[in-house]
Amino acid sequence: MGPEEPRVVRVRYAPSPTGTLHIGGARTALFNYLFALRHGGRLVLRVEDTDQARQVEGSETAMIRGLASLGVVWDEGPDVGGAYGPYRQSERGEHYRRAAAQLLEQGRAYRCFCTAGELEDERQRQRQQGRPPRYSGRCRELDADVAARRAEHEPYVLRLRVPQQGSTVVQDLIRGTVGFENAQLDDFVITKPGGTPLYNFAVVIDDAQMAITHVIRGEEHLSNTPKQMLVGQALGLEVPAFAHLPMILAPDRSKLSKRHGATSVEEYREQGILPQALANYLLLLGWSSPDGQEFMTIAEAGQRFDLARVQRTAAIYDQKKLEWMNGQYLRTLPAAAVAGAALPFVRAAGIDLSQGPTLTAAVELVRERSRTLRELVDNMRFLYQAPTTFDRKGVQKYLAEPVASERLRALASTLFTVAPWDHDHLSQAFDQVAEHLGVKRVLIIHPARMAVTGKTVGPGLFEMLAALGPEKTIRQLNRVADLLDRAEELPLSPALD
RNA sequence: GGCCCCAUAGUCUAGAGGCCCAGGACGCCGGACCCUCAUUCCGGAAACAGCGGUUCGAAUCCGCUUGGGGCUACCA
């Protein structure tokens with residue numbers, strides 16, 4: 001027994017560029033990355049774009065951007081290169097051709113001239129008879145020379161000669177031993193006419209050539225694994241270890257699709273979910289930290305990650321918990337970082353930052369009551385723009401009394417003298433006004449909030465006014481008082497609750 | 001239909017025969033605090049799919065049933 005060369009752990013994430021980065025794919029990528037982190041391994045990004053018909057323009061770039069935003073870092077890939085490239089299947093044709101030629105020559109694969117239509121009819125018949133749809137093996141015993149001659153003028157596919165005896169056993173790192181009877185499999189197609197490889201063929205060659213040690217992927221691939229192992233055996237390749245992750249399902253337990261709302265990393269970003277929060281949430285779908293900790297960075301998860309702690313049960317994603325987690329990040333990240341993430345939303349909302357406090361100050365004021373960046377920006381809007389509508393119930397409750405405008409004016413004139421304009425002095429001013437008017441302080445606090453923000457809810461009034469500044473506060477107080485005096489209808493917004 | 005995987009509260013999960021009349025988190029309900037909302041804190045309702053085994057003892061092991069999911073393409 002020679003000394004075992006400790007192999008460097010190499011894992012890969014191999015998306016098909018058919019759209020944007022799906023959260024299921026994102027989670028798979030994340031787990032691969034975590035596994036690499038934990039074992040000091042390398043992560044390879046490989047683009048599975050053999051089926052040109054399904055390609056979506058710009059998809060690769062979108063995926064790369066999505067992965068990067070989540071904090072997944074790969075060592076090799078189409079964008080960064082590496083020693084095992086190329087990293088796009090569309091650029092690896094020669095490898096597949098060579099492997100296919102080898103199998104054909106050795107008789108482990110054979111040419112099949114059946115047309116797609118014939119095969120479809122065959123399947124149809126089998127289904128009607130209640131038989132499992134399998135390839136009949138019609139071209140299996142075709143004489144090699146005859147087949148070679150026909151190949152000169154007839155299109156054909158290559159099929160793997162699958163042994164009809166014995167079984168193929170997958171040692172899954174998450175599920176344990178899973179056995180498949182070879183007789184259940186038919187001679188599946190490995191290359192299309194023209195030689196373009198099919199998934200179950202190309203993936204084996206790529207994983208072997210890229211020295212992948214662990215294939216960590218979604219459960220939908222578990223049933224494909226024996227086929228790939230058979231291809232590997234036929235080619236005389238070493239098979240990697242496998243680990244099949246549970247799927248992520250929609251709330252109705254069906255496959256996640258667009259009709260269930262956001263399913264891509266991009267959409268969550270648009271919703272105002274921070275990538276850190278999404279990554280953290282995804283981390284918890286199917287894996288749990290041994291210490292029960294939930295709130296953690298990718299690096300921290302990388303320290304503790306272990307496939308043995310990955311769940312076997314499919315998980316349903318929960319928007320509520322995602323938003324809760326996002327709220328946690330909104331509250332704990334440095335305000336400047338939150339401000340940076342919020343900037344695109346500020347722009348989209350048409351807010352002119354020169355009309356109010358710094359974005360960072362605004363973030364500090366409202367982040368405690370926001371769960372998404374959208375909400376955050378919505379909550380800070382009044383700092384930059386006077387409210388254009390007023391909450392209906394709030395108006396009825398706090399501004400309906402005839403004395404309302406009088407009180408607002410009294411408040412405005414007292415506030416005119418407040419200096420410095422800060423929380424404590426504002427608080428004292430309200431005490432003074434309340435005493436002067438002979439009413440409880442709350443009776444002017446609520447009307448003031450309504451006048452200034454148009455809403456009944458929001459940050460503490462004094463912090464809020466401190467951030468708003470004296471000019472805008474006083475102007476808005478008087479403006480609303482005027483509107484009330486002229487008995488004009490305040491523009492109402494639908495009640496919040 | 002065939003093959004494969006799975007099964008703890010609404011959801012994510014802890015639990016690898018006695019520590020569990022099942023623990024944590026989100027959500028939900030109630031309360032405290034407060035200028036509102038939110039945060040925070042306190043409290044509460046809520047689960048081992050069913051049935052048979054094995055065992056002195058089963059959420060944990062085995063079988064069956066039921067339920068859910070996946071694969072069964074010249075998609076990945």
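Heavy atoms only: backbone and side chains are in, while hydrogens, waters and symmetry mates are out. Each chain gets a letter, A, B and so on, in the order the sequences are listed, and its residues count up from 1.
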Nearest to the [X] side chain among [options], which nucleotide is it?
X	options	result
A:S288	B:A25, B:A14, B:G69	B:A14
A:W324	B:G24, B:C26, B:U36	B:C26
A:P133	B:C5, B:A73, B:C35	B:A73
A:R123	B:G15, B:C74, B:U36	B:C74

Item checked: Beyond-backbone contact of A:K397 with A:T456, side-chain heavy atoms, under 4.5 angstrom ->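 With C-beta onward as the side chain, the pair stays apart.
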
In the strands shown, is [N] matched to any nucleotide by a Watson-Crick or G-U wobble pair with both distances under 3.5 Å, and which?
N	result
B:C41	B:G31
B:G57	none
B:C51	B:G63
B:C71	B:G2

Next item on the list: Would you check if there is a donor-acceptor pair between the side chains of A:Q432 and A:T414 at a distance under 3.5 Å?
Entry: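 No pair is found: no donor N or O on one side chain lies under 3.5 Å from an acceptor on the other.
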
Note to self: Nearest 0.5 Å, please: how far is OG1 in A:T18 from CE in A:M63?
What the structure shows: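 A:M63 atom CE to A:T18 atom OG1 measures 5.5 Å (nearest 0.5 Å).
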
Margin query: Just to be sure I understand the rule, does A:T115 reach a base, reach only the sugar-phosphate, or reach nothing, if contact means heavy atoms closer than 4.0 Å?
Written below: base

Item checked: A:G117 or A:P251, whichever maps to the more 5' nucleotide of RNA chain B ->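 First, find each residue's nearest nucleotide; the 5'-ward one identifies A:P251.
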
Notebook entry, point to check: Hey, which of these two, A:R253 or A:R159, hits RNA chain B nearer its 5' end, going by closest nucleotide?
Noted result: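 Here A:R253 is the residue nearer the 5' end.
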
